[in-house]
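See structure below.
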2 protein chains.
Amino acid sequence: MGKNNAKISNAVIKRLPRYRRYLIELKKKGVEKISSKEFSSLIGYTASQIRQDLNNFGGFGQQGYGYSVDGLYKEISAILGLDKEYRMVIVGAGNLGQAIAKYTHFHKQGFKVCAAFDINPNLIGKDLDGIEILDYENIVEYVEEEEIDIGIICVNRDNAQEVADKLSFAGVKGIWNFAPTDIEVPTHVALEVVHLSDSLHSLAYHMNDIQKKEVAQDKHREEENLRD
Amino acid sequence: MGKNNAKISNAVIKRLPRYRRYLIELKKKGVEKISSKEFSSLIGYTASQIRQDLNNFGGFGQQGYGYSVDGLYKEISAILGLDKEYRMVIVGAGNLGQAIAKYTHFHKQGFKVCAAFDINPNLIGKDLDGIEILDYENIVEYVEEEEIDIGIICVNRDNAQEVADKLSFAGVKGIWNFAPTDIEVPTHVALEVVHLSDSLHSLAYHMNDIQKKEVAQDKHREEENLRD
DNA sequence: TAGATTGTTAATCGATTAACAATC
DNA sequence: TAGATTGTTAATCGATTAACAATC
């Protein structure tokens, strides 16, 4: 929610993490202030859009001066809720689940993987760089007792919905779904989806699109040469 | 490119893999035809949008009847370029790179991981379920000789651009970027990005947004109770 | 103060939805 | 043929960009 409680469009939210990334880079370089115009040439959004986006949440800039890099960084971090710590569990300790468990990048940003869960007896009890794989049977109690905020779904398509239901029932506030299917969650649970296959298919489309255009261009050039 | 060579908006492209997923499910269930209205209640897009989207590429339906499930599935698969095989390499054989190498899901869909590359001597020579980790030094020759179509970037932020440059130079047609940074590629190379951190940050926002709304509602209810 | 740059309103653009004629 | 449903045009909605007054 922004100022005046107005609903912020998802397009804006999706841009916030990117703003934040560029602000981190600027901070590293020791840049202290930036105008929307300078930021625009860096990040690739129009200056107008940057000002419009930020003003959804409040007037963070100063007329005639610009935005404080550190100030804006802190504001956006707070808007995203990155000034808090989050406790997560992974459900499905296959390849993807294991990779996410081991990926320390999230931990550094305040997202802690507390445990992984699976039904496979060969996996239960194993340790993934300090993260234990537990029996899926016990997930509800674990989520309740350990006050887990986020459930990460890394199971296959057919089990994703049942896992989502169980996680929601157990009381997670958010679900991060990597299963290649669409799931439904109660309105009080936030849902974010990463469809890797869909992303790959979209890449395939664009590759073929470029190819087609190149073929069309070649043909065009050939015809021009014939005319000469 | 759709009919009349008109540029298709990216919003449409991003919906195609989802249409395709639902068509696969319908095929599995033995459903042979579907109207845009029925499809709408299933997939959650408006019937109007479905017809509009599909008509970007051609008239796949039949008035008074609807769409052939199998026919539409084949058309969308072809539009996405999924009737072809793709050869891929992974650059960066850390946790994420290894997970993608082992993730058989893509292989089933015609996207074959041919090799992984790293600079770490401890990793070079290792085998990931049949996929060898090779020396990054030799990536250009490998991509050329093995006719690699897609490069998957799983290195850290600081090396992502240099890897993208090398892959583009070597002749890949598409790059799938998992590094938590923005990279630039030549116009003849397609780019698809998966920003896991950004996705997680967006989830955090929505979780906090829901929380705030609940607090506001509780407060509202409290005030009403006081008045009674 | 003058210059710069924001915050905000207005204009434009693009994407989604509605309507309906075409047609199976 | 009558009914159903597409393909397509027109209307609406929302998001982006432009313009400019407010103000540091």
Side-chain angles (χ1 to χ4, degrees), chain A residues 1-16 18-19 22-23 26 31-76 79 202 205, chain B residues 1-16 18-19 22-23 26 31-76 79 202 205:
Chain A
M1 266 181 291
K3 51 180 186 180
N4 311 326
N5 268 7
K7 174 95 178 83
I8 309 295
S9 90
N10 209 39
V12 175
I13 307 307
K14 287 278 173 195
R15 282 193 290 270
L16 293 181
R18 181 166 161 146
Y19 285 123
Y22 278 85
L23 289 166
L26 286 166
V31 179
E32 288 186 0
K33 73 132 198 146
I34 193 161
S35 71
S36 58
K37 202 178 159 193
E38 292 166 319
F39 207 7
S40 169
S41 68
L42 196 67
I43 202 171
Y45 303 142
T46 64
S48 209
Q49 178 156 70
I50 293 169
R51 294 203 299 278
Q52 195 75 285
D53 281 354
L54 298 177
N55 269 86
N56 280 303
F57 304 99
F60 300 143
Q62 196 175 333
Q63 274 115 325
Y65 174 83
Y67 299 86
S68 148
V69 169
D70 187 58
L72 195 52
Y73 165 77
K74 280 179 182 139
E75 291 283 5
I76 291 179
I79 291 164
S202 168
Y205 173 86
Chain B
M1 267 180 290
K3 52 180 186 179
N4 310 327
N5 268 7
K7 175 94 179 85
I8 309 295
S9 90
N10 208 39
V12 176
I13 306 308
K14 286 280 173 195
R15 282 194 290 270
L16 293 181
R18 182 166 162 148
Y19 285 124
Y22 279 85
L23 289 166
L26 287 166
V31 179
E32 287 185 1
K33 73 132 199 144
I34 193 161
S35 71
S36 58
K37 202 178 159 193
E38 292 165 320
F39 207 7
S40 168
S41 70
L42 196 67
I43 201 169
Y45 304 141
T46 65
S48 208
Q49 177 155 72
I50 293 169
R51 295 202 299 278
Q52 195 76 285
D53 280 355
L54 298 177
N55 269 86
N56 280 302
F57 304 98
F60 301 143
Q62 196 175 335
Q63 275 117 326
Y65 174 83
Y67 299 86
S68 147
V69 169
D70 187 58
L72 195 52
Y73 165 77
K74 281 178 183 141
E75 292 283 4
I76 292 180
I79 290 164
S202 168
Y205 174 86

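By convention in this document, chain letters (A, B, ...) are assigned in the order of the sequence lines, proteins followed by strands, and residues within each chain are numbered from 1.
- At least one side-chain heavy atom of A:R15 sits under 4.5 Å from a side-chain heavy atom of A:Y45.
- Remark: C:dA21 base-pairs with D:dT6. Criterion, Watson-Crick or G-U wobble with two distances under 3.5 Å.
- Base pairing of C:dA15 is made with D:dT12, judged by Watson-Crick or G-U wobble geometry with both donor-acceptor distances under 3.5 Å.
- Comparing B:I34 and A:A11 by the nucleotide of DNA chain D whose heavy atom lies nearest to each, the residue mapping closer to the 5' end is B:I34.
- In this entry the distance linking NZ of B:K14 with P of C:dT16 reads 14 Å, nearest Å.
- Using a 30° and 60° split on the angle between ring planes, A:Y19 and A:F39 fall in the tilted class, from 30° to 60°.
- Mapping B:R15 and A:F60 onto DNA chain C by nearest heavy atom places A:F60 at the nucleotide closer to the 5' end.
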Atom pairs under 3.5 Å: protein N/O with N/O of nucleotides 17-24 of chain C:
unit_1 : atom_1 : unit_2 : atom_2 : d
C:dT17 : OP2    : B:T46  : OG1    : 3.1
C:dT17 : O4     : B:Q52  : NE2    : 2.5
C:dA18 : N7     : B:S48  : OG     : 2.5
C:dA18 : N6     : B:S48  : OG     : 3.4
C:dA19 : N6     : B:R51  : NH2    : 3.1
C:dC24 : O3'    : B:Q62  : NE2    : 2.3
C:dC24 : O2     : B:Q63  : O      : 3.3

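- B:I43 places its CD1 atom 13 Å from the P atom of C:dT16, with the value rounded to the nearest Å.
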| message | As a quick check of understanding, evaluate side-chain contact (heavy atoms from CB on, under 4.5 Å) for B:I8 and B:F57, giving each step before the final call. | response | CA-CA 9 Å; B:I8 309 295; B:F57 304 98; 3.9 Å; yes

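- Distance, B:I50 CD1 to C:dT16 C1': 13 Å, rounded to whole Å.
- When atom types are taken as modelled, the side chain of B:E38 and the backbone of B:S35 share a donor-acceptor pair closer than 3.5 angstrom.
- The distance between atom CG of A:L54 and atom P of C:dT8, rounded to the nearest whole Å, is 12 Å.
- Among D:dT6, D:dT16, C:dG7, the nucleotide with an atom closest to any side-chain atom of B:S36 is D:dT6.
- The interatomic distance linking B:N55 (CG) with D:dT9 (P) rounds to 10 Å, in whole Å.
- Atom CZ in A:F39 sits roughly 16 Å away from atom C1' in C:dT5 (whole-Å rounding).
- In this entry the distance linking CG of B:D53 with P of C:dG14 reads 17 Å, nearest Å.
- Under the 3.5 Å distance criterion, the side-chain polar atoms of A:R18 are matched with a main-chain donor or acceptor of A:I43.
- Here the side chain of B:S68 pairs no donor or acceptor atom with the backbone of B:K33 at under 3.5 angstrom.
- Between the CD atom of A:E38 and the P atom of C:dA4 there is a distance of 13 Å, given to the nearest Å.
- Under the 3.5 Å distance criterion, the side-chain polar atoms of A:N56 are matched with a main-chain donor or acceptor of A:D53.
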